[in-house]
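Shown next, in structure tokens, is the structure this report addresses.
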Amino acid sequence: MSERSKPVVADKTLIFTALILAVFGIVMQYSASSYIALQQTGDEFFYVKKQALALVAALVVAFGCSRLRTDLVKKFSVPLLVLSLVLLALVFVPGLGVEKYGATRWLNLGFTTFQPSELAKFALMFFIASRLSVRSSTRFRDMIGILVATLAVCALVMLEPNMSITVCIGLCVLLMLFVGGCGIKQFAVMAIPVAAAIPVLIFAEPYRLKRLLAFIDPWASPLGEGYQLIQSYYALGSGGWFGLGLFNSRQKYMFLPFAESDFIFSVIGEELGLIGCIFVIALICVLIWRGIVIAMRAKDRFQTYVAAGISIVIAVQTLLNVAVVSGSIPPTGLPMPFISSGGSSLVVFMAAVGLLEGIARNSQIPHSFHKMY
Amino acid sequence: MHKISHITLKRKLPAVFALVVFLFLLLIGRLFYIQIIDGNGLQTLALDQWTRDLPFRAERGDIVDRNGTVLATSQTSYTLYVRPNDLEKHDEVARAVSAATGADFDNVYKKVIKTGVSEVKVATGLTRSQMLALSAYGFKGVYFAEDATRYYNYGNFATQLIGFTNSDGEGQSGIEQYYNAYLKGTDGASFTQTDLIGRELDDNVTSYLAPIKGMTAKLTIDFKLQSFAEKAVNDALATYSPKSASCLMMNADTGEILAMASAPTFDLNDIPRNDLSSLLAGAKNLLVTDVYEPGSTFKILTSAIGIETDVIKDSYYCPGYKVVDGQRIKCWRSIGHGSQDFAHGIMNSCNCVFMDIALSAGTSTMYDYFEKFGLTQKTGVDISGEGRSIMLAEESVKTVDIARIGFGQAIAVTPIQLATAVASVINGGRLVTPYVVDSIYSDDGKLAYRNSPTVRNTTVSESTSAKMREYLYGVVEEGGGKNAYVEGYRIGGKTGTAQKYKDGVIDRGAYVSSFIGFTEINGQRILCLMIVDEPQGYVYYGSIVAAPLVGQIFSSTFAYYDVAPKIDADNIPKAVVMPDVYGLSATAACAALRSAGLTYEVAGEGGSVVYQFPAAGAEIDDGTVVYFVLG
């Protein structure tokens with residue numbers, strides 16, 4: 001198939017779903033943040049404007065990524081991983097790193113801040129994809145490179161500290177290894193150090209234990225550790241089936257912390273109800289489904305793994321976010337892909353969608369066949 | 001190189017998708033639980049944090065007397081709150097508040113600039129005009145709440161009976177406490193939608209929930225009779241400077257309490273809250289809470305038991321003492337009463353007579369009757385803090401003890417217990433439960449509660465009761481109760497002078513002077529008990545201290561009820577002049593007073609008179625009980 005005959009957009013469902021989510025996200029962010037923005041800056045659109053700019057940038061980047069030659073991605077997967085590690089390390093350089101809420105997770109780029117862990121997530125996926133395309137993860141010794149890289153990324157993210165991204169990355173790697181052929185036996189062996197590490201990590205930082213307890217019974221400390229979760233429950237519970245109506249959230253009046261970012265899903269639940277929540281989850285599933293379909297039709301193994309990796313990151317991060325918001329797992333701060341406020345997150349996820357589009361375009365199966373799935 | 005096949009690889013991808021979808025379904029299940037099953041409960045809790053409410057205190061219900069005279073009522077006042085976070089011009093607000101209320105500007109300013117709180121109470125007790133003046137400024141962040149202030153129309157009146165509330169409007173003592181649930185009403189509130197730190201939302205519509213006024217308690221108290229009782233206890237306080245003086249009036253047939261007064265007291269509109277001990281002391285309803293040794297007033301019960309059990313002898317001889325179990329127990333009159341019949345025994349209040357009756361009846365019978373008279377239990381009056389009587393256990397009562405109990409010593413009862421027991425003696429033998437609240441009805445007139453006379457049991461027979469009434473009339477007409485006599489009316493009663501004990505020994509000079517009297521008005525027998533605790537000075541006999549006060553109360557009562565006197569021409573008292581008996585011997589003094597037509601009480605053991613009451617030359621009615629002290 002010649003380059004010319006390829007459509008501009010290989011998978012319309014994918015890009016439209018992503019766009020709908022991003023725009024819907026901006027609407028919800030406006031609802032969640034307008035009151036606080038007005039109080040803090042005098043401009044109720046303060047956060048939304050930043051996010052809209054980020055969306056424009058994200059679309060440019062996504063378009064660029066869709067035109068990227070995937071063999072270059074494979075070629076540069078190691079340097080990209082190294083760059084990510086360097087950026088993760090730079091966070092700790094005074095003057096460059098930005099500390100917020102007791103954690104140093106951001107790099108100051110002058111005009112904006114950037115979370116290296118957002119990039120590192122995908123860089124690691126590309127690295128794993130390139131390794132798996134060479135050798136499958138059926139045997140332990142074939143996985144050593146992947147595990148070392150994972151450990152390096154996780155260690156640096158953990159130092160920030162950022163437990164949630166660490167967990168997210170860990171789960172993504174596990175799923176990648178599964179796709180790469182890893183069997184029960186290998187997982188069992190890997191489970192031992194992970195199981196040992198979790199209590200150590202928890203007791204190294206006492207706040208994690210408190211959070212753990214708060215998750216089990218938030219009402220024990222309604223104004224302390226349990227506060228955030230209770231506020232999320234209030235928002236969700238007030239929503240019922242159909243919600244209080246768009247822009248009618250009451251929890252956004254400073255009751256629910258991080259309403260526009262990590263807890264945007266609570267506001268969705270409050271304003272649009274369970275129906276709204278299911279709708280958002282369904283859209284994300286469409287996205288993942290498209291990613292998986294693209295992976296299955298990719299031209300080569302590397303592209304299959306890259307597409308799978310991107311789908312897995314979107315899936316895992318959304319699952320974790322909804323699980324936190326609904327009190328299903330201990331609270332950790334993790335944005336919801338496409339929807340939560342946060343420029344770097346949006347740019348990176350849109351770039352990933354762009355890559356998926358690129359892979360879809362390179363796909364051996366004619367575009368018309370895609371619709372059959 | 002190990003590589004899995006393409007087929008294997010592409011089978012794994014749908015498996016991952018299936019796993020992801022499965023996990024999402026689990027989370028949707030969780031969301032269903034939170035949003036639908038727990039939803040309402042969570043929203044209720046959330047609503048609570050979304051709104052700030054300011055109380056609208058319900059007006060407390062009125063307390064009125066049996067004729068509807070309002071004794072306690074409520075007035076609406078306003079409390080000024082500010083939400084400092086919402087305030088724009090702190091200094092202007094403070095200046096306006098200080099100008100309107102006269103409060104110090106600096107104090108107000110300190111309150112309105114407070115941080116870290118959502119509401120600050122800046123001023124309380126504002127009148128409606130002050131509230132209107134301040135709200136005319138239209139300040140943002142300034143709110144008013146309605147409050148109800150308690151007001152007692154007669155201030156220092158039935159203080160212990162009515163009681164008072166705390167600043168939150170909760171009854172603390174008296175009727176206010178006992179019937180608090182009825183009186184307090186249901187508070188309302190205003191609800192304002194705010195953000196986390198209490199700033200009002202732009203689209204807020206403040207909603208109001210109207211308070212419901214408390215119910216009105218109608219007492220059995222009669223305002224007029226209460227006034228008479230108040231005057232009597234205050235007179236006693238002024239004349240004898242006692243520790244306390246108390247007066248109880250009761251309808252002996254129904255148990256309705258008509259008046260209940262104690263002094264010293266305080267103004268309910270100006271409660272001495274900063275002096276807690278005197279507040280607690282003054283707030284006690286002594287007639288109900290405290291026990292005392294009734295002394296000779298108790299002889300009414302002993303007499304009734306004697307008649308009922310038929311142990312009354314034709315004649316008694318009093319040499320001034322009685323030897324019981326080898327122990328010589330004195331009559332109050334050391335020279336003795338000589339030979340007398342039972343009627344004169346009561347008139348003379350001769351201890352020997354009542355020792356004899358108690359001993360003849362026996363401990364077991366006496367105690368059986370004490371139980372019937374309700375002395376072993378609380379009366380059940382609807383007043384908080386009713387005291388319990390103190391009695392020797394029946395099995396440990398010795399002969400000397402029952403002899404003493406016969407004339408009202410070695411036993412301690414509450415005044416209300418004695419009053420109900422005596423009421424049963426004069427009302428035909430029905431032991432009623434005393435009560436002070438007649439009915440309670442809501443603001444719209446619906447009856448919520450009604451008290452009615454209840455007879456607990458019978459004590460003595462109708463005939464015993466009839467006899468007792470005659471004997472007690474005799475005490476006032478001819479005996480020691482003469483000072484309670486009101487010309488033209490039949491009044492019965494009995495005096496009492498009891499020595500007080502301190503740490504188990506007689507406290508010299510400390511007496512409780514009392515008189516319990518009754519009369520019949522419009523077919524209702526009305527009982528009046530007057531107790532003067534530790535009158536100071538020489539005069540301490542119940543006949544001198546307490547009896548005239550009861551006479552004074554009954555006299556006013558007859559006038560109030562418009563009962564005409566039945567004047568018997570033969571019985572019109574003559575005015576006589578009190579002779580001077582200073583320095584005379586006991587016998588000479590007695591002879592002088594008798595020849596002047598006066599009755600007398602004697603105290604002291606000396607050879608000559610060192611004190612007399614009233615002073616020589618005073619014009620008094622013949623038959624008045626006068627008093628002298630030997631030294």
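Lettering of chains follows the sequences in order, A, B, ..., and the numbering in each one begins at 1.
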What part of [X] gets closer than 4.5 Å to chain A, counting heavy atoms only: side chain, backbone, both or neither?
| X | value |
| --- | --- |
| B:L27 | side chain |
| B:I37 | neither |
| B:L26 | neither |

Under a 4.5 Å heavy-atom cutoff, which of [options] has the most pairs with chain A?
| options | value |
| --- | --- |
| B:P14, B:A46, B:A15, B:G39 | B:A46 |
| B:D38, B:V21, B:L19, B:I28 | B:I28 |
| B:N40, B:L47, B:I36, B:V20 | B:I36 |

Subject >> Min side-chain heavy-atom separation A:S326-B:Y33 under 4.5 Å >> reply: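 Not in contact.
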**OP:** Please tell me if the side chains of A:F255 and B:W50 come closer than 4.5 Å, counting only heavy atoms from C-beta onward.
**Re:**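 Contact flag for A:F255/B:W50 side chains = yes.
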Subject >> Option in A:Q231, A:K252, A:Q251 with maximal non-hydrogen atom pairs under 4.5 Å from chain B >> reply: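 It is A:Q251.
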Closest approach of [X] and [Y], non-hydrogen atoms and distance?
| X | Y | value |
| --- | --- | --- |
| A:C285 | B:F17 | O-CE1, 3.6 Å |
| A:A315 | B:F24 | O-CZ, 4.3 Å |
| B:L42 | A:Y234 | O-CD2, 3.7 Å |
| B:L31 | A:C277 | CD1-CB, 4.0 Å |
| B:L13 | A:A308 | CD2-CB, 3.6 Å |

Original post:
Under 3.5 Å, is there a donor-acceptor pair linking the side chains of A:E270 and B:Q43?
Top reply: no
Original post:
Does a side chain donor of either B:D195 or A:Y35 reach within less than 3.5 Å of an acceptor in the other side chain?
Top reply: yes
Which region of [X], side chain (C-beta onward) or backbone (N, CA, C, O), has a non-hydrogen atom less than 4.5 Å from a non-hydrogen atom of chain B, or is it both or neither?
| X | answer |
| --- | --- |
| A:L244 | side chain |
| A:Q39 | side chain |
| A:F265 | side chain |
| A:I284 | side chain |
| A:L256 | neither |
| A:I281 | side chain |
| A:S311 | neither |

**OP:** Look at the side chain of B:K12 and the backbone N and O of A:F178, then say whether any donor-acceptor pair between them is shorter than 3.5 Å.
**Re:**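 Yes.
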Original post:
Judged by atom type as modelled, is there a donor-acceptor pair below 3.5 Å linking the side chain of B:Q35 to the main-chain atoms of A:G237?
Top reply: no
Is it the case that over 12 heavy atoms from other parts of the model lie below 6.0 angstrom from the [atom1] atom of [X]?
| X | atom1 | answer |
| --- | --- | --- |
| B:R95 | CZ | yes |
| A:F187 | CZ | yes |
| B:Y137 | OH | no |

Subject >> side chain to side chain donor-acceptor pair (under 3.5 Å) between A:R250 and B:Q49, worked out >> reply: CA-CA 10 Å; A:R250 278 295 278 111; B:Q49 76 173 10; over 6 Å; no
**OP:** Starting from the C-alpha separation in whole Å, work towards a yes-or-no answer on side chain to side chain contact (heavy atoms under 4.5 Å, CB included) for A:Y253 and B:L196.
**Re:** CA-CA 6 Å; A:Y253 291 97; B:L196 174 70; over 6 Å; no
